[in-house]
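Just so it is clear: chains get the letters A, B, ... in the order the sequence lines come, proteins before strands, and each one is counted from 1. Treat the numbers as computed from the prediction; the structure is a model and nothing was measured.
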Number of protein chains: 2
Amino acid sequence: MKKEEAKRIFRQYIKKQGLRNTRQREEILDVFLSSGGHITVDELFDKVKKRDSSIGYATIHRNLNLLLEAGLAEEIKIGKEKTRYEQMHMREHHDHLICLECGRFIEVVDENIEKLQNRLAEEKEFTPVRHKLEIYGYCKKCR
Amino acid sequence: MKKEEAKRIFRQYIKKQGLRNTRQREEILDVFLSSGGHITVDELFDKVKKRDSSIGYATIHRNLNLLLEAGLAEEIKIGKEKTRYEQMHMREHHDHLICLECGRFIEVVDENIEKLQNRLAEEKEFTPVRHKLEIYGYCKKCR
DNA sequence: GGTGTGTTGAAATTAATTATCAATATCTTA
DNA sequence: TAAGATATTGATAATTAATTTCAACACACC
Ligand SMILES: [Mn+2]
Ligand SMILES: [Mn+2]
Ligand SMILES: [Zn+2]
Ligand SMILES: [Zn+2]
């Protein structure tokens, strides 16, 4: 299962940094990886709280930052909306079509676009590491 | 000149909303349009202050929000860095290569990528309005 | 099990943005 | 062009999101 793979990566990162594993850390990790992506801090906090009602808000933040550092999560900031956190290792890379009306995220991949991006970077003597493509507009239901 | 065109759009927007033009508003508009893009609130504040030292910080924020609403500016949020504001009407559309080491923005356009994006949206029955493509990596100097 | 030190929850702090408010400026109209 | 209605401003307070602080606690290595 992919989730176990992601967990291993995180535990490895924790150990490598001389940090420690805790009950709370494991809960947050598991809830995050089960969340399906695009989750806000508050949503994650609420979900973790259902399993461990004594969890602190700061602990959610601290561990989300670790997930970012470990490369398991990525921030998504859209306009004035709350920051969302996308899972990076559980799922294949993908880009987003984002509906300006209902806020829906449609996940897409286009291999040709990916290739052209690399070529474009190459032309500018730029070494690409990752990218973010977001197309805003109106989804099937809202257009 | 393109700057006058952008100014006209802004003044039109202001009037349409039943708002009023002011000395401060015109200063902020002019400084923003002369800034070259990717400016932070603080940088804009400092630049405007040089022309009008009595300007308030809140006024910068209020008018930046109007520029956003009018479609003349767009927010760029990269990781934990301060929000930057990109000019939208003074300049042609472009995407960004962003150096993870020195923070440099390289501006690029690839017509083929743009076309493929539209095709991709079409396939999902999605009507694209605008998009944001950011490629993170290392620039010529830093790689 | 003991010990050193990383982690936690609660509360305080910081940083960014927005709201409040009284004084002032702008725009429309007469 | 003077008047009046109301939008705007600057200063400051309030709000929000994220981080820091700190004493109690818990994990990891022995
Ligand atoms: Mn996604
Ligand atoms: Mn740019
Ligand atoms: Zn929609
Ligand atoms: Zn660089």
Query raised in the report: Other than A:Val109, what residues sit in its cluster of Ile, Leu, Val, Met, Phe, Trp and Tyr side chains whose heavy atoms are under 4.5 Å apart, directly or through others?
Result: none
Salt-bridged, [X] to [Y], with N to O below 4.0 Å?
X: A:Arg91; Y: A:Glu107; answer: yes
X: A:Arg8; Y: A:Glu5; answer: yes
X: B:Glu86; Y: B:Lys132; answer: no
X: A:Asp30; Y: A:Lys7; answer: yes
X: A:Glu27; Y: A:Lys47; answer: no
X: B:Glu75; Y: A:Lys80; answer: yes

In whole Å, what is the span from the [atom1] atom of [X] to the [atom2] atom of [N]?
X: B:Arg20; N: C:dT26; atom1: CZ; atom2: P; result: 10 Å
X: A:Asn63; N: C:dT7; atom1: CG; atom2: C1'; result: 9 Å
X: A:Asn65; N: C:dT8; atom1: CG; atom2: P; result: 13 Å
X: B:His61; N: C:dT17; atom1: NE2; atom2: P; result: 5 Å
X: A:Ile60; N: C:dT8; atom1: CD1; atom2: C1'; result: 12 Å

Report summary line: Closest non-hydrogen atoms of B:Leu100 and B:Tyr138, given as atom of the first, atom of the second and distance, are CB-CE2, 3.8 Å
**Report entry** A:Thr59 versus A:Ile28, closest heavy-atom pair with distance
**Finding:**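 Nearest heavy atoms, A:Thr59 then A:Ile28: O-CD1, 3.7 Å.
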Requested in this report: Please list, by residue number, the residues of residues 70-85 of chain B whose heavy atoms come closer than 4.0 Å to an atom of DNA chain C; answer none if no residue qualifies.
Outcome: B:Lys82, B:Thr83
Report task. Tell me yes or no: between the side chains of A:Glu134 and B:His131, is some donor less than 3.5 Å from an acceptor? Result -> no
Query - Flag for B:Glu114-B:His93: side-chain donor and acceptor within less than 3.5 Å - result: yes
**Report entry** Donor-acceptor contact below 3.5 Å, side chain A:Glu123 vs main chain A:Leu120
**Finding:**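 Answer holds: no.
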Show me the donor-acceptor pairs, under 3.5 Å and distance only, between side chains in residues 16-24 of chain B and residues at least two apart or in other chains.
from    : atom 1 : to      : atom 2 : distance (Å)
B:Asn21 : ND2    : B:Glu26 : OE2    : 2.8
B:Thr22 : OG1    : B:Arg25 : N      : 3.0
B:Arg23 : NH1    : B:Asp52 : OD2    : 2.7

Query raised in the report: Is A:Thr22 near enough to C:dT8 that one of its side-chain N or O atoms lies under 4.0 angstrom from OP1 or OP2?
Result: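 Answer yes for this pair, as a side-chain N or O of A:Thr22 is under 4.0 Å from OP1 or OP2.
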Requested in this report: Examine C:dG9: is either OP1 or OP2 under 4.0 Å from a nitrogen or oxygen in the side chain of A:Gln24? Give yes or no.
Outcome: yes
Query raised in the report: Hey, does the side-chain of A:Arg62 have a donor or acceptor N/O within less than 3.5 Å of a partner on the base of C:dG6?
Result: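 Check fails, no donor-acceptor contact within cut-off.
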Requested in this report: Between A:Ala58 and A:Arg23, name the one whose nearest nucleotide on DNA chain D is closer to the 5' end.
Outcome: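 The 5'-side residue here is A:Ala58.
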**Report entry** Within 6.0 Å of NZ in B:Lys77, more than 12 heavy atoms from elsewhere
**Finding:**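 Buried by this count: over 12 neighbours within 6.0 Å.
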Query - Residues in contact with DNA chain D, drawn from residues 26-52 of chain A - heavy-atom cutoff 4.0 Å - result: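 Close to the strand, none.
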Query raised in the report: On DNA chain D, which is the earliest and which the latest nucleotide, 5' to 3', with an atom closer than 4.0 Å to a heavy atom of chain B?
Result: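 Contact boundaries, 5' end first: D:dA5 to D:dT19.
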Query - Rounded to 10 degrees, the angle between the two terminal axes of the helix from C:dG1-D:dC30 to C:dA30-D:dT1, each from five pairs - result: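 Axis-to-axis angle, ends of the helix: 50°.
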